[in-house]
Amino acid sequence: MNIRLNLLLLAVCSLTATTAQSKDYSSEITARQHASNYFAYPYLDAPAPHQTPAPKGYVPFHLEHYGRHGSRYLIDEKQYTRSVEILEIAERNGKLTPLGRRVLDHIRDFCLTAKDRGGDLSDRGALQHKAIAKRMTENYPEIFMTDAYVNARSTIVERCILSMLNGLDALHTANPSLKITSDASRADMHYINLDHDTIKAKRSHATRAAYRKFSKRHANKGEFLNKLITDPEFAADSIDMKALFNDLFPVLANDQSHIGREWLLEEVFTPEEIHQRWLCRNAKWFIHGGNSKLTDNKVPYIQGNLLTNIIESADTAAVSSNISANLRYGHDGVVLPLAVLMEIDDYGREINDLEAVGQVWRDYLVVPMAANIQMIFYRPEGSVNPDEVLVKVMLNEREVRLPIETYTPPYYPWSALRRYYLDKLSSNNIK
């Protein structure tokens, strides 16, 4: 049967599917979301998004995944100690407000916990990956509650390896019959965490030019110092405002990465300071992975090797009777350009003015801690015909729109989608 006619009949017979939306959570950006890539994965404390039923007669048989490591300590632990050192200048001179003393004690206490733990996976980060993997078993029992083959790969960074192990532990706990293999090797880095000199040069050019002008327009003016220090003249003469802001903001924003940490960000910084800082980080993430003439529309293609690996792995699964999953664990700097390259929702849109980025681009929807892209493949039960395969893509467990037509959203014909991506990759090689 012609695949277009087949899909049309499926659409009529199946439950009406809802079109995936390009926004999530809330129309307002919360302070925790304003933390950009420090935003803690939201579905540890809240229910995950609704899943649209598959077209009638279709069952999941394979899953492709790329996930960012979970919540972590700040990579540069000196951000904790430098914040303490600057605030201690005011403490020695008796210039701290009550809030300033609370903040200093808050960070000083955490310095003991954070010592020698720069970039380590946090307690919350481990739970995030356990929860994501557990939902895989609940949402797709046809895959994960069988004796399926699960192949997991991680970058060679410890927080990624531990994220993988926590996810696999949850899978094994739910079903000890899974055939799980795992590895973390430099041999996989060419697709799982590729860096590229050409792309770095284009990002650097955009940073030197457009981003410097943008960041100056949205620079912090130091209002937060009035909440921490009693004497404005002393603050102006003795406190390095810019250095304190650059360290203190991520320290307090990243408190959400740890269970039981007091949330002080909104007490220290005004809503406008928080928003302006987010605008700068959001724009920087756009430069890192977005589709723009500022970077010659090339940076998303840095994940061409990864997308090719996903396509090849899915093609192998599509002609096999085995049930399987390929899991990859890496970094936010990979998830974001991959989402753009795949044209998930509106993230492939070209934007050439950084002032417009904050109106349509939401970094926290793409790269929170434990961010993940999942591709779930379906086929008629008993079939191994790749032309009958449908795929659903989720960004952070939220069903998304893709750049081709379908009669059964959010389910797309795999044969058409793979061709779209392969054509795109073949016409845009990075030199």
Side-chain angles (χ1 to χ4, degrees), residues 1-4 6-7 10 54-55 57-67 136 140 142-144 146-153 178-183 187-192 194 300-330 334-335 337-339 341-344 348 372-395 400 402-408 410-430:
M1 181 181 292
N2 182 279
I3 188 167
R4 291 175 62 87
N6 188 31
L7 290 174
L10 285 171
Y58 272 72
V59 293
F61 70 95
H62 180 69
L63 184 144
E64 293 284 336
H65 157 278
Y66 189 98
M136 287 181 180
Y140 313 110
E142 297 90 343
I143 299 175
F144 292 101
T146 68
D147 57 352
Y149 294 88
V150 177
N151 181 13
R153 292 290 183 268
L178 288 170
K179 299 180 179 70
I180 298 174
T181 59
S182 61
D183 196 11
D188 295 318
M189 295 295 277
H190 68 284
Y191 71 88
I192 203 169
L194 178 67
Y301 291 93
I302 195 172
Q303 299 313 325
N305 287 355
L306 174 57
L307 184 54
T308 299
N309 177 265
I310 290 172
I311 292 170
E312 291 175 348
S313 299
D315 283 348
T316 299
V319 296
S320 171
S321 60
N322 291 329
I323 307 300
S324 56
N326 293 318
L327 312 179
R328 305 164 186 84
Y329 293 84
V334 176
V335 174
L338 178 62
L341 182 61
M342 293 175 66
E343 299 178 48
I344 287 175
N372 59 93
I373 294 174
Q374 298 181 37
M375 302 176 68
I376 303 91
F377 295 81
Y378 297 75
R379 61 190 175 194
E381 193 166 3
S383 171
V384 290
N385 182 354
D387 291 335
E388 294 185 303
V389 172
L390 300 179
V391 63
K392 175 177 74 172
V393 175
M394 298 196 301
L395 174 62
V400 300
L402 297 173
I404 65 167
E405 293 183 357
T406 181
Y407 295 101
T408 54
Y411 298 88
Y412 292 80
W414 172 237
S415 59
L417 185 65
R418 72 179 294 279
R419 175 48 51 198
Y420 180 90
Y421 286 149
L422 289 173
D423 288 346
K424 181 176 183 177
L425 291 172
S426 66
S427 62
N428 287 276
N429 292 326
I430 300 172

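- The two residues R153 and S182 make their nearest non-hydrogen contact at NH1-C, 3.8 Å.
- Under the side-chain hydrogen bond (donor to acceptor under 3.5 Å, both in side chains) criterion, Y421 pairs with no residue, sequence neighbours left out.
- Smallest separation of non-hydrogen atoms from T146 and I143: OG1-O, 2.8 Å.
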Begin with the C-alpha distance, continue with both residues' side-chain angles, and end with the deciding distance and a verdict on side chain to side chain contact (heavy atoms under 4.5 Å, CB included) for F61 and V389. CA-CA 10 Å; F61 70 95; V389 172; 4.0 Å; yes
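- Side-chain contact check for L307 versus L338: some heavy-atom pair is nearer than 4.5 Å.
- A heavy-atom distance below 4.5 Å is not found between the side chains of V384 and V319.
- Take F377 and apply the ring pair (Phe, Tyr, Trp, His ring centres under 6.0 Å) test, not counting sequence neighbours, and it matches H62, W414.
- Judged as a side-chain hydrogen bond (donor to acceptor under 3.5 Å, both in side chains), and not counting sequence neighbours, T316 has no contacts.
- Counted by atom type alone, Y301 and N428 present one or more donor-acceptor pairs between their side chains at under 3.5 Å.
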Step-by-step side chain to side chain contact (heavy atoms under 4.5 Å, CB included) determination, K424 to L341: CA-CA 9 Å; K424 181 176 183 177; L341 182 61; 4.0 Å; yes
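- Interatomic distance, H65 NE2 to N326 CG, rounded to the nearest 0.5 Å: 11.0 Å.
- Evaluation of the salt bridge (charged side-chain N to carboxylate O under 4.0 Å, His left out) rule for R379 yields no partner, not counting sequence neighbours.
- Judged by distance alone, the side chain of Y412 and the main-chain N or O of L402 form a donor-acceptor pair under 3.5 Å.
- Pairs passing the ring pair (Phe, Tyr, Trp, His ring centres under 6.0 Å) check and including a residue from residues 305-326, sequence neighbours excluded, do not occur.
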Please report the C-alpha distance between I373 and I344 in whole Å, then the side-chain angles of each, then the deciding distance to 0.1 Å, and finally whether the side chain to side chain contact (heavy atoms under 4.5 Å, CB included) criterion is met. CA-CA 10 Å; I373 294 174; I344 287 175; 4.1 Å; yes
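- Residues P60 and I376 come closest through the heavy atom pair CB-CG2, 3.9 Å.
- By the side chain to side chain contact (heavy atoms under 4.5 Å, CB included) test, T308 pairs with E312, L425, sequence neighbours left out.
- Remark: S324 OG to L178 CG distance equals 11.5 Å, nearest 0.5 Å.
- Atoms OG and OH, on S313 and Y191 in that order, are 7.5 Å from each other to the nearest 0.5 Å.
- Here the side chains of L63 and V150 are not in contact, with every heavy-atom distance at 4.5 Å or above.
- In this structure, N372 CG and M136 CE are separated by 6.5 Å, a value rounded to the nearest 0.5 Å.
- Considering only residues two or more places apart in sequence or on other chains, V59 meets the side chain to side chain contact (heavy atoms under 4.5 Å, CB included) condition with E381.
- The CG atom of L306 sits 7.5 Å away from the CD1 atom of I192 when rounded to the nearest 0.5 Å.
- Residues meeting the side-chain hydrogen bond (donor to acceptor under 3.5 Å, both in side chains) test with N309, sequence neighbours left out: R328.
- Listed by chain and number, the residues in a side-chain hydrogen bond (donor to acceptor under 3.5 Å, both in side chains) with R418 are D315 (sequence neighbours excluded).
- Taking OH of Y66 as the start and CD1 of I310 as the end, the distance is 9.5 Å to the nearest 0.5 Å.
- Y378 pairs by the ring pair (Phe, Tyr, Trp, His ring centres under 6.0 Å) definition with Y411, not counting sequence neighbours.
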Run the side chain to side chain contact (heavy atoms under 4.5 Å, CB included) check on T181 and N151 step by step: do they pass? CA-CA 5 Å; T181 59; N151 181 13; 3.5 Å; yes
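- In this structure, T406 and P413 have side chains that are in contact, with non-hydrogen atoms separated by less than 4.5 Å.
- Side-chain atoms of E343 and Y420 form a donor-acceptor pair, as typed in the model, at a separation below 3.5 Å.
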